[in-house]
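Below is one structure; the comments refer to it alone.
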Protein chains: 2
Amino acid sequence: MLHLKQDHSELVVLSVLAEGPSYGYAISKEIAARSDGHFKLSPSGMYPLLTKLEKQGLVTTTWEEIKSRSSNPDASGRKRKWYTMSVKGSKRLTQHIENQQRVLKILNGFVPASLRESGLELA
Amino acid sequence: MLHLKQDHSELVVLSVLAEGPSYGYAISKEIAARSDGHFKLSPSGMYPLLTKLEKQGLVTTTWEEIKSRSSNPDASGRKRKWYTMSVKGSKRLTQHIENQQRVLKILNGFVPASLRESGLELA
DNA sequence: GATTGATATATCAAGTTTCGATATATCCTA
DNA sequence: TAGGATATATCGAAACTTGATATATCAATC
């Protein structure tokens, strides 16, 4: 299991949001599921990141009031904060991936030829 | 220009050392040259890293006394610390690259199909 | 009706990492 | 003799990471 660092976190979260609006908890489950449990983004990594994305205008947010069926109808209920990727966020995701490609290509240039020949390539 | 993070630093430094012994200053120049100036590992990143590699037994070291031709033959002269990759270091480099490949493959699974179709792939 | 586990958002503090600045000293060339 | 390159190394402020903690609801079991 690998704890995601900021760069990868941002790429992964934006990628998940590229397929439609979601919210913190669901995103973290999605990341674990789609990585076969290999990637983990914990609450303390997720929420500060989402706040950052919001401040940078890469996502917009709305609150959903989750009404309980069984309890007091006046109760505030659980709240869910939805994140929707903006056009700016979409562009940022593309940039992110392009940048990763560039870095990978350079990085691959450092891999010794002997290893590259055995299929150990990064790009 | 991109400052290398620890993971990438280790991979790049071990890759350089895979081609033969070298020393801090030369490695940093090699990194800048072979990345067309895109990667930079500054002294404050380089020396602690080399010390770490040494402590982990991934490299062995020897000091070279660089004798001056023109000055006092008794002068201590400049010292150069050579780093030689060990068998353990060689194995670690392979592991490093294999691990990167694995992470990249998973990461690529998050990239939206629409972007992957335009050639924006990470693995 | 009480307990448990899952859902859901969020912060804190301690630890680690990063990186520009600094320190020291030699060598070479103009 | 001054400046730029060579060479190793540390410091401290800022940023980042992450386990722990806090709060609260909901659903299912006991």
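Residue numbers begin at 1 in each chain, while the letters A, B, ... track the order of the sequences.
- With hydrogens and angles ignored, the 3.5 Å screen pairs no side-chain donor or acceptor of A:S35 with any backbone N or O of B:I106.
- Put simply, B:Q6 has a side-chain N or O that comes within less than 4.0 Å of OP1 or OP2 on C:dT18.
- Between B:V111 and B:N108 the shortest side-chain heavy-atom distance falls below 4.5 Å.
- For the OP1/OP2 pair of C:dT17 and a distance below 4.0 Å, the side-chain nitrogens and oxygens of B:H3 include no atom meeting the criterion.
- Qualifying side chain to side chain donor-acceptor pair (under 3.5 Å) partners for B:K52, counting only residues two or more places apart in sequence or in other chains: B:E10.
- Counting to the nearest Å, the C1' atom of D:dT18 and the CG atom of A:L2 are 14 Å from each other.
- Rounded to a whole Å, the CH2 atom of A:W63 is 14 Å from the P atom of D:dT25.
- One can place NZ of B:K81 at 10 Å from C1' of D:dA9, the figure rounded to the nearest angstrom.
- Evaluation of the salt bridge (Lys or Arg N to Asp or Glu O under 4.0 Å) test over residues 110-123 of chain B, restricted to residues two or more places apart or in two chains, returns none.
- Rounded to a whole Å, the CD atom of B:E65 is 11 Å from the P atom of C:dC27.
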Table please: side-chain donor-acceptor pairs of residues 19-31 of chain B below 3.5 Å, with sequence neighbours left out.
residue : atom : partner : partner atom : Å
B:E19   : OE1  : B:R34   : NH1          : 3.2
B:S28   : OG   : B:Y25   : O            : 2.8
B:E30   : OE2  : B:R34   : NH1          : 3.2

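- Regarding B:K79, its NZ atom lies at a distance of 12 Å from the P atom of C:dA25, rounded to whole Å.
- Going from atom CH2 of B:W82 over to atom P of D:dT8 covers 9 Å, rounded to whole Å.
- Sorted by first and then second residue, the salt bridge (Lys or Arg N to Asp or Glu O under 4.0 Å) pairs involving residues 39-51 of chain B (not counting sequence neighbours) form an empty list.
- Annotation: proximity of residues 7-44 of chain A to DNA chain D (heavy atom, distance under 4.0 Å) is found for A:S44, numbered in ascending order.
- With sequence neighbours excluded, the residues satisfying side chain to side chain donor-acceptor pair (under 3.5 Å) with A:N99 are A:R102.
- Rounding to whole angstrom units, NZ of residue A:K5 and P of C:dT17 are separated by 8 Å.
- Listed by residue number, the members of residues 46-56 of chain B with any heavy atom below 4.0 angstrom from DNA chain C form an empty set.
- Taking atom CD of A:E64 as the reference point, atom C1' of C:dT9 lies 14 Å away to the nearest angstrom.
- Partners of A:E98 according to the salt bridge (charged side-chain N to carboxylate O under 4.0 Å, His left out) rule, which considers only residues two or more places apart in sequence or in another chain, do not exist here.
- Shown here are the salt bridge (charged side-chain N to carboxylate O under 4.0 Å, His left out) partners of A:E54, two or more places apart in sequence or in another chain: A:K81.
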